[in-house]
Amino acid sequence: MIKIVGLEFFKIRRKKIWIMILLFLLVEMLWAFLSTSRSISSHSDHAVWESIIFSVSSMNGLFIPIISAIVVSRICDMEHKGVTWKMLVATNVDRRQLYAAKYICANSLLLFGILTQMLLMIVFGLVKGFPRDLPIELLIRFMAGTLLTTLAVTALQQWISLAIKNQTFSLCLGMLGGFIGMTAGLFPAAFRHIFIWAYYIDLSPVIYLYEESSGTYMVQSVGSGIVVITLLLTVLFYIAGNIHVTRQEI
C-alpha cells in the first residue's frame, strides 16, 4: 500500500499541485487578514485570537471545497486522460487499493494546506500582538474540524471525479460546495446540516455573536453528534464511491 501511495505522489510530481494550494491559500489568508485588521481597527476588543480563527474558518467554507475539487480532479484525471486504469489493473493491483491511495494522496496535500493556514494565523496573531498565550487548544480544534470536514468533502469529490470522466462535473460540484459553505452561516442549523460544506462553520471552535453595535467572538463546544455525523458521511461517501468505481467497466 505504501508503494501505491508513493506512486500517486510520483505521478503528480510535475503537476505542482502544492504550489496551486499555496496560491489559493495565500489569497484566502490575505482576505482573512485584511478583514480581521479592518474589524480590529473599528473595534479594539476584536484584537483576540478568536477573531482570526473565526475569519479563516468561515472563509474555508468557500475556498477549501474549490481547492479540494481541483486537487482531487488533478489526481484522478490522469487515469481518464491516459487511459491507465486497464494498465494499472493488469499489474494485479487491487482497484480498491488504488482508490485508497488517491484518497490518501489528496488529503495529505490538503493537510499540508491546513497546517500552512495554522502557521500563518500564528504569525498574524503575534504580529498584531494579540493578548494571552498562544491558544494551542483552539488551534488544534480548528485543525481537527477543518480536516474532518475536508475528509468528507474529498471522499465525495473523488467519487465524482473517478466515476465521471468529464472533470467539469467535479469542478462544478466544488464551486457549488464553496457557495454553500460561504453562505451557510445565513441559514438555520437544521437546514445547513444537510450540506457537508457547511460543516467548516459548524465544526469551528469559535463563533461570532452579532449585536446591535458590534459583536462578540465566543468559543463554542462542538457536540459529539455533529462529529459523528461528519464521520458517518465520510465513510458513506468513501464506501459508496469505492464500490461504484471498482465495479465500473474499464
Side-chain angles (χ1 to χ4, degrees), residues 1-21 24 60-61 63-114 146-181 194-197 199-200 229-250:
M1 186 63 190
I2 296 177
K3 291 183 178 179
I4 301 175
V5 174
L7 177 61
E8 290 299 321
F9 281 102
F10 178 78
K11 288 190 292 185
I12 63 173
R13 69 192 186 282
R14 295 181 180 177
K15 291 183 177 292
K16 309 299 182 184
I17 294 179
W18 62 275
I19 296 179
M20 181 275 299
I21 294 174
F24 267 88
N60 277 346
F63 282 90
I64 293 190
I66 297 175
I67 296 173
S68 299
I70 296 173
V71 170
V72 173
S73 179
R74 295 278 286 174
I75 292 174
C76 298
D77 191 41
M78 65 181 73
E79 314 303 347
H80 294 307
K81 287 184 176 179
V83 195
T84 56
W85 272 114
K86 291 183 179 180
M87 185 188 308
L88 291 170
V89 174
T91 60
N92 292 325
V93 177
D94 193 335
R95 274 201 279 178
R96 288 172 296 183
Q97 290 183 322
L98 291 172
Y99 194 92
K102 290 184 179 296
Y103 186 70
I104 293 172
C105 179
N107 285 292
S108 298
L109 292 169
L110 292 167
L111 176 59
F112 159 73
I114 295 171
T146 305
L147 179 60
L148 183 58
T149 306
T150 301
L151 290 175
V153 170
T154 52
L156 178 59
Q157 287 290 157
Q158 182 165 313
W159 181 6
I160 302 300
S161 291
L162 287 176
I164 303 176
K165 292 183 179 181
N166 190 342
Q167 295 304 298
T168 302
F169 291 96
S170 176
L171 295 175
C172 286
L173 177 63
M175 289 187 287
L176 176 62
F179 175 76
I180 294 174
I194 301 173
F195 305 100
I196 187 60
W197 305 280
Y199 286 34
Y200 286 106
I229 291 174
T230 311
L231 288 172
L232 289 176
L233 287 174
T234 302
V235 174
L236 175 64
F237 291 149
Y238 181 86
I239 293 177
N242 199 338
I243 294 174
H244 184 195
V245 171
T246 53
R247 290 183 178 180
Q248 274 187 318
E249 184 178 351
I250 58 174

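Here, residue 1 is the first one in the sequence, and each next residue gets the next number.
- In this structure, Phe195 places its CZ atom where more than 12 heavy-atom neighbours from other residues, nucleotides or ligands lie under 6.0 Å away.
- At distances below 3.5 Å, at least one donor-acceptor pair connects side-chain atoms of Lys102 with backbone N or O atoms of Ile75.
- Counting only heavy atoms from C-beta outward, the side chains of Ile64 and Thr149 never approach each other to under 4.5 Å.
- Among all heavy-atom pairs drawn from Leu233 and Tyr199, the shortest one is CD1-OH, 4.3 Å.
- Nearest heavy-atom pair, Thr230 versus Ala152, reported as atom, atom and distance to 0.1 Å: O-CB, 4.3 Å.
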Practice item. Output, in order, the C-alpha distance, side-chain angles, deciding distance and verdict of side-chain contact (heavy atoms from CB on, under 4.5 Å) for Gln157 and Ser73. Key: CA-CA 8 Å; Gln157 287 290 157; Ser73 179; over 6 Å; no
Check your understanding: What do the steps show when you test Leu236 against Leu232 for side-chain contact (heavy atoms from CB on, under 4.5 Å), and what is the final call?
Key -> CA-CA 6 Å; Leu236 175 64; Leu232 289 176; over 6 Å; no
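- Rounded to the nearest 0.5 angstrom, Cys76 SG and Ile160 CD1 are separated by 11.0 Å.
- For the atom pair Leu162 CG and Gln167 CD, the distance stands at 8.0 Å (nearest 0.5 Å).
- Around the CZ atom of Phe112, the shell of radius 6.0 Å holds more than 12 heavy atoms that belong to other residues, nucleotides or ligands.
- Across all their heavy atoms, Gly177 and Pro65 have their closest contact at C-CB, 3.9 Å.
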Review point. Are Trp197 and Leu156 close enough, and set up right, to give a side-chain contact (heavy atoms from CB on, under 4.5 Å), and what steps lead you there?
Key: CA-CA 11 Å; Trp197 305 280; Leu156 178 59; 3.9 Å; yes
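- Between Tyr103 and Leu151, the shortest heavy-atom contact is OH-O, 2.7 Å.
- Side-chain atoms of Gln158 come within 3.5 Å of backbone N or O of Tyr99 as a donor-acceptor pair.
- One distance of note links CD of Gln97 with CD1 of Ile104; it measures 10.0 Å at 0.5 Å rounding.
- Rounding to the nearest 0.5 angstrom, the gap separating the CG atom in Asn107 from the CG atom in Leu147 is 7.0 Å.
- Closest of all the heavy-atom pairs between Ser68 and Val153 is CB-CG1, 4.1 Å.
- Distance check, rounded to the nearest 0.5 Å: CH2 of Trp18 to OG of Ser108 gives 16.0 Å.
- Between Ala106 and Val72, the shortest heavy-atom contact is CB-CG2, 4.0 Å.
- Note that the CD1 atom of Ile67 and the CD1 atom of Ile114 stand 9.5 Å from one another [nearest 0.5 Å].
- When atom types are taken as modelled, the side chain of Asn242 and the backbone of Tyr238 share no donor-acceptor pair closer than 3.5 angstrom.
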